[in-house]
Visitor: 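Pasting a structure here, questions to come.
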Amino acid sequence: MKTADSDWGRELEERLRSDGTDRFYRMHFYETVDSTNEECKRHYAEGVPEGFLAVAEQQTAGRGRSGRTWVSPGGEAAYFSFLLRPDFAPSHAPSLTLVMGLSVAQAVREVCGLPAGIKWPNDIVISHRKICGILTEALADGDRLDYVIIGTGINVNNASFDPGIAEVATSLRIENGGCPVSRAAVVASALAHFYENDRIYRRTADLSGLSNAYDDLLVSRGREVRIEDPRAPYTAVSLGIDKGGGLLVRRADGGIRCVTAGEVSVRGLYGYI
Ligand code: BTN
């Protein structure tokens, strides 16, 4: 497959080495794999340590959240997953998705200079359109975590999107005025940021050390949002996240509420934020 950065696996390996993050991430590059998350699970079953990293040119059975398919053709996007074995309680694992989202937004800003923001809880957006999806899967045995696998797909060099998703999706290339972006540079930077952010997360097993950085990139911050609470929807001002990853909002009566992603969805009043 000939693309502008067809040798990006090798380039990524070199970047991990020069960043020093290859001490943690042990990369395996696949031209074709069913799903990089599944590849991590297979390697977990073989006993690989934390840091196993699967990167793919294309996926034949890429998976998204809520059982959806993540269409994963080769040549444009970046697909990668890595395995963690944190020694905290399973309830602390879901927030790692927010840690990854923050890391991707920081990488896009650093590598491309594009104004990537976070749509709570973990969609990374530019111009209100999504550039990245994150699927976190964990296996727990009672109160012990066996693994956490974080899988990320970044729309790096996609030239266009099918009607239907073009409204809500974009790529770094499109936002970069049509100029291709190095997949290796974006992924290496996201992994380096995750490495640092994860260290901060593990000190307290919560987001208290990262909430300022996260809130700085939160697109809804200080804006009105609609909380789709099934019991009684309401409008409130988004303030930022709490240490558990919930969104703090101020209601019209001045009361502060913390909404959690599993319970309600949050919509921007003026577009996709
Ligand atoms: C979402 O629905 O927003 C999450 C999409 C996650 C896609 C990535 S691509 C790499 C990894 N492998 C998968 O099968 N899914 C994740």
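In each ligand, atom 1 is the first atom listed, and ligand 1 is the first ligand listed.
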Visitor: Considering the heavy atoms of S35, write down every atom of ligand 1 situated less than 4.0 Å from one of them.
Guide: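 Ligand 1 atoms under the 4.0 Å threshold to S35: 12 (N), 13 (C), 14 (O).
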
Visitor: Considering only protein heavy atoms, which is closest to atom 5 (C) of ligand 1, and at what distance to one decimal place?
Guide: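 Of every protein heavy atom, W70 CE3, 3.3 Å lies nearest to atom 5 (C) of ligand 1.
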
Visitor: Answer yes or no: are there more than 12 heavy-atom neighbours, outside R85 itself, under 6.0 Å from its atom CZ?
Guide: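 Atom CZ in R85 is packed in, count exceeds 12.
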
Visitor: Atoms of ligand 1 less than 4.0 Å from T36 heavy atoms?
Guide: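 The list of qualifying atoms is 10 (C), 11 (C), 12 (N).
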
Visitor: Is the distance between the ring centroids of F194 and Y25 under 6.0 Å?
Guide: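 Ring centres of Y25 and F194 not closer than 6.0 Å.
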
Visitor: I need the atoms of ligand 1 closer than 4.0 Å to a non-hydrogen atom of G133, numbered in the order shown.
Guide: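 Near G133, meaning under 4.0 Å from one of its heavy atoms, ligand 1 has 3 (O), 4 (C), 5 (C), 6 (C).
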
Visitor: So is K130 in contact with ligand 1, going by heavy-atom distances below 4.0 Å?
Guide: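 True for this residue.
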
Visitor: If you measure from atom 9 (S) of ligand 1 to every heavy atom of R68, Q59, E38, which option wins on shortest distance?
Guide: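 It is Q59 whose heavy atom sits nearest to atom 9 (S) of ligand 1.
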
Visitor: In the protein, what heavy atom is nearest to atom 2 (O) of ligand 1, and what distance, to one decimal place, separates them?
Guide: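 I find the closest protein heavy atom is R65 N, 2.7 Å.
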
Visitor: Return the closest protein heavy atom for atom 15 (N) of ligand 1 as residue, atom name and distance.
Guide: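 For atom 15 (N) of ligand 1, the nearest protein heavy atom comes out as R63 O, 2.7 Å.
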
Visitor: When you measure from the side chain of T204 to the backbone N and O of D206, does any donor-acceptor pair fall under 3.5 Å?
Guide: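 It does hold such a pair.
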
Visitor: In ligand 1, which numbered atoms sit nearer than 4.0 Å to a non-hydrogen atom of G62?
Guide: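 This gives 14 (O) as the contact atoms.
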
Visitor: Just let me know how I134 lines up against ligand 1, side chain, backbone, both or neither, with a heavy-atom cut-off below 4.0 Å.
Guide: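 Under 4.0 Å from ligand 1, I134 contributes backbone atoms alone.
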
Visitor: Could you tell me which residues satisfy side chain to side chain contact (heavy atoms under 4.5 Å, CB included) with E137, sequence neighbours excluded, listed by chain and number?
Guide: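 Checked E137 against side chain to side chain contact (heavy atoms under 4.5 Å, CB included); matches are N37, K41, R63, L135.
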
